[in-house]
Visitor: 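Here it is: the structure, laid out below.
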Amino acid sequence: MRKLTIKREKHFVACLAAMKVYIEDSTANDLTINGVTCRKLGTLKNGEEKTFEISGEAAKIFVIADKLSKGYCNEYYSLPSGTEDIVLTGKNEFNPASGNAFRFDGVTDAEVLANRKKGKERGIIVLAVALAIGFVLGTIIGVGSIIINVFGSLSKDKTFASDGMSITLTGGFREVEYEGFTVCYDSSKVAVFALKEEFSLVSGLEDYTVREYGEAVIDGNNFSSSLKNDGGLTYFEYNGTNDIVYNYYAFVFKTDDAFWLIQFATPESEAAEYEAKIFEWAKTITFD
């Protein structure tokens, strides 16, 4: 056995949050970070120093903020095998794109630096989509519900197209403009919010899978949701509450040049009636 000491330098960034420390352990099942099975060692408060007993085997040490943001707000250090005690220092650095993550001092390891870059890129995605989802909640719940306006019969099919995306809804919908979205459609009971995030937004974004992108959205918004698949559609559900509870069905798509997040919103009281129809509409979505 040997001792690992980690000192978290006192800093104003994330000063109220306790960082969580994990060590690579193939026999544990506490948490998986970056595909590595880990065991929790403990926590580190701002300015705190702690010593942990660890084995002499080579292992990665991870520091994260929480389980929900571990996919992009994480730092690791590769410990060599041996019997000598190890002392590491670091602090949280200001960068909203990476969740103000903890960073070990003096890191030159190319893989660790690449992990930081990937986390920052994923964090940018999370921030952009989180802002969009927050706007959806604010618009529907805070402004008095754009989805309770009546715009006519919902019976006849009508195809809408914008920015290379087309969707077949009904004549009861109309196209509306809301800042922060590529295109939106409104009706008496259901609203549709479409956001296109081009690959040019972040270097390497085109390498993400639909699942990775969807998980980034879920992580960034702290949803207790999971990605599902239905007939080739990748989606997740969440809800928001004010005077009325709203159900949201968020579908994720990947095209040649962008990711699309297309959300359908309806009052919870109407969800049972419109859920099947929402999936029918989602299946009509195509891209040029």
Side-chain angles (χ1 to χ4, degrees), residues 24 29 31-38 60 62 64-76 95-99 101 110-134 136 163-167 180-183 192-238 248-264 278-279 281-288:
E24 180 178 0
N29 60 359
L31 192 65
T32 298
I33 307 172
N34 291 357
V36 178
T37 303
C38 298
K60 290 180 178 178
F62 288 90
I64 65 172
D66 54 52
K67 294 180 180 180
L68 292 174
S69 64
K70 65 183 175 66
Y72 65 94
C73 181
N74 71 68
E75 172 78 332
Y76 75 86
N95 190 332
S98 61
E111 290 187 3
V112 176
L113 297 177
N115 179 65
R116 290 180 180 181
K117 181 180 179 182
K118 183 177 180 180
K120 179 180 177 181
E121 292 171 350
R122 189 172 187 183
I124 291 173
I125 299 169
V126 169
L127 280 176
V129 178
L131 288 173
I133 288 180
V136 169
D163 291 82
M165 184 275 293
S166 66
I167 181 172
F181 293 93
T182 305
V183 65
V192 184
F193 300 86
L195 175 67
K196 179 182 182 180
E197 289 204 294
E198 297 182 353
F199 296 152
S200 57
L201 175 68
V202 178
S203 175
L205 182 56
E206 67 274 11
D207 297 327
Y208 279 72
T209 65
V210 169
R211 175 161 291 276
E212 288 173 332
Y213 181 84
E215 289 174 346
V217 175
I218 291 171
D219 287 347
N221 289 276
N222 294 334
F223 291 142
S224 57
S225 308
S226 59
L227 283 178
K228 303 176 184 178
N229 190 281
D230 184 335
L233 293 171
T234 300
Y235 72 99
F236 62 92
E237 301 174 39
Y238 66 98
Y248 302 85
Y249 302 84
F251 297 85
V252 184
F253 301 89
K254 183 178 183 180
T255 66
D256 291 338
D257 65 344
F259 280 102
W260 283 79
L261 180 68
I262 301 178
Q263 303 176 73
F264 295 78
I278 285 171
F279 278 85
W281 290 331
K283 289 177 181 178
T284 70
I285 296 172
T286 59
F287 303 92
D288 293 343

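Numbering of residues begins at 1 and proceeds along the displayed sequence.
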Visitor: For Thr286, what residues pass the side-chain contact (heavy atoms from CB on, under 4.5 Å) criterion, not counting sequence neighbours?
Guide: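 So Thr286 forms a side-chain contact (heavy atoms from CB on, under 4.5 Å) with Ser166.
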
Visitor: Has Ser225 got a side-chain atom pairing as donor or acceptor with Phe236's backbone, closer than 3.5 angstrom?
Guide: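 No, Ser225 side chain to Phe236 backbone: no donor-acceptor pair under 3.5 Å.
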
Visitor: Which atom names give the shortest non-hydrogen contact between Gln263 and Ala250, and what distance separates them?
Guide: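 Residues Gln263 and Ala250, closest heavy atoms: CG-CB, 3.9 Å.
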
Visitor: Grab the two heavy atoms, one from Thr255 and one from Asp257, that are nearest each other, plus how far apart they are.
Guide: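 Closest pair (atom of Thr255, atom of Asp257, distance): OG1-OD1, 3.0 Å.
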
Visitor: Got a donor-acceptor contact below 3.5 angstrom from the Lys70 side chain to the Thr32 backbone?
Guide: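 Yes; judged by distance alone, with no hydrogens or angles, the pair exists.
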
Visitor: Could you work out, with ring pair (Phe, Tyr, Trp, His ring centres under 6.0 Å) as the rule, every residue matching Phe259, not counting sequence neighbours?
Guide: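 Here the qualifying residues are Phe199, Tyr213.
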
Visitor: What pair of heavy atoms forms the shortest contact from Asp207 to Lys254, and how long is it?
Guide: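 Scanning both residues, the minimum pair turns out to be C-NZ, 4.4 Å.
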
Visitor: Identify, with sequence neighbours excluded, every residue that meets ring pair (Phe, Tyr, Trp, His ring centres under 6.0 Å) alongside Phe264.
Guide: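 By the ring pair (Phe, Tyr, Trp, His ring centres under 6.0 Å) rule, Phe264 matches Phe251.
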
Visitor: So among Asp230, Val252, Asn229, which one has a side chain to side chain contact (heavy atoms under 4.5 Å, CB included) with Tyr235?
Guide: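 The single option meeting the side chain to side chain contact (heavy atoms under 4.5 Å, CB included) with Tyr235 is Asp230.
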
Visitor: Return yes if a side-chain donor-acceptor contact under 3.5 Å exists between Tyr208 and Glu215, otherwise no.
Guide: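 No - no donor-acceptor pair under 3.5 Å links their side chains.
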
Visitor: Looking at NZ of Lys60 and CG of Asn34, how far apart are the two atoms once the value is rounded to the nearest 0.5 Å?
Guide: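 Interatomic distance, Lys60 NZ to Asn34 CG, rounded to 0.5 Å: 7.5 Å.
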
Visitor: Do Tyr249 and Phe279 have side chains that approach each other closer than 4.5 Å (heavy atoms only, starting at C-beta)?
Guide: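 Side chain of Tyr249 against side chain of Phe279, heavy atoms only: contact under 4.5 Å found.
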
Visitor: State, yes or no, whether a side-chain contact exists between Trp260 and Thr182 at a heavy-atom distance under 4.5 Å.
Guide: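 Yes, at least one pair of side-chain atoms sits under 4.5 Å.
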
Visitor: Are Leu261 and Glu197 packed together at the side-chain level, in the sense that at least one heavy-atom pair is separated by less than 4.5 angstrom?
Guide: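 Leu261 does not reach Glu197 side chain to side chain.
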
Visitor: Would you give the length of the straight line joining atom CD1 of Ile285 to atom CG of Leu233, rounded to the nearest 0.5 angstrom?
Guide: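 So the CD1 of Ile285 and the CG of Leu233 are separated by 7.5 Å.
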
Visitor: Kindly compute the distance separating CD (Glu75) from CZ (Phe62), expressed to the nearest 0.5 Å.
Guide: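 That separation rounds to 10.0 Å.
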
Visitor: Nearest 0.5 Å please: distance from the CD atom of Glu237 over to the CG atom of Leu227.
Guide: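 Answer rounded to 0.5 Å: 11.5 Å.
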
Visitor: Considering only heavy atoms from C-beta outward, does the side chain of Glu24 approach that of Tyr76 to under 4.5 Å?
Guide: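 No - every pair of side-chain heavy atoms lies 4.5 Å or more apart.
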
Visitor: Give, for atom CD1 of Ile262 and atom CE of Met165, the distance between the pair rounded to the nearest 0.5 Å.
Guide: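 Here the rounded value is 4.5 Å.
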
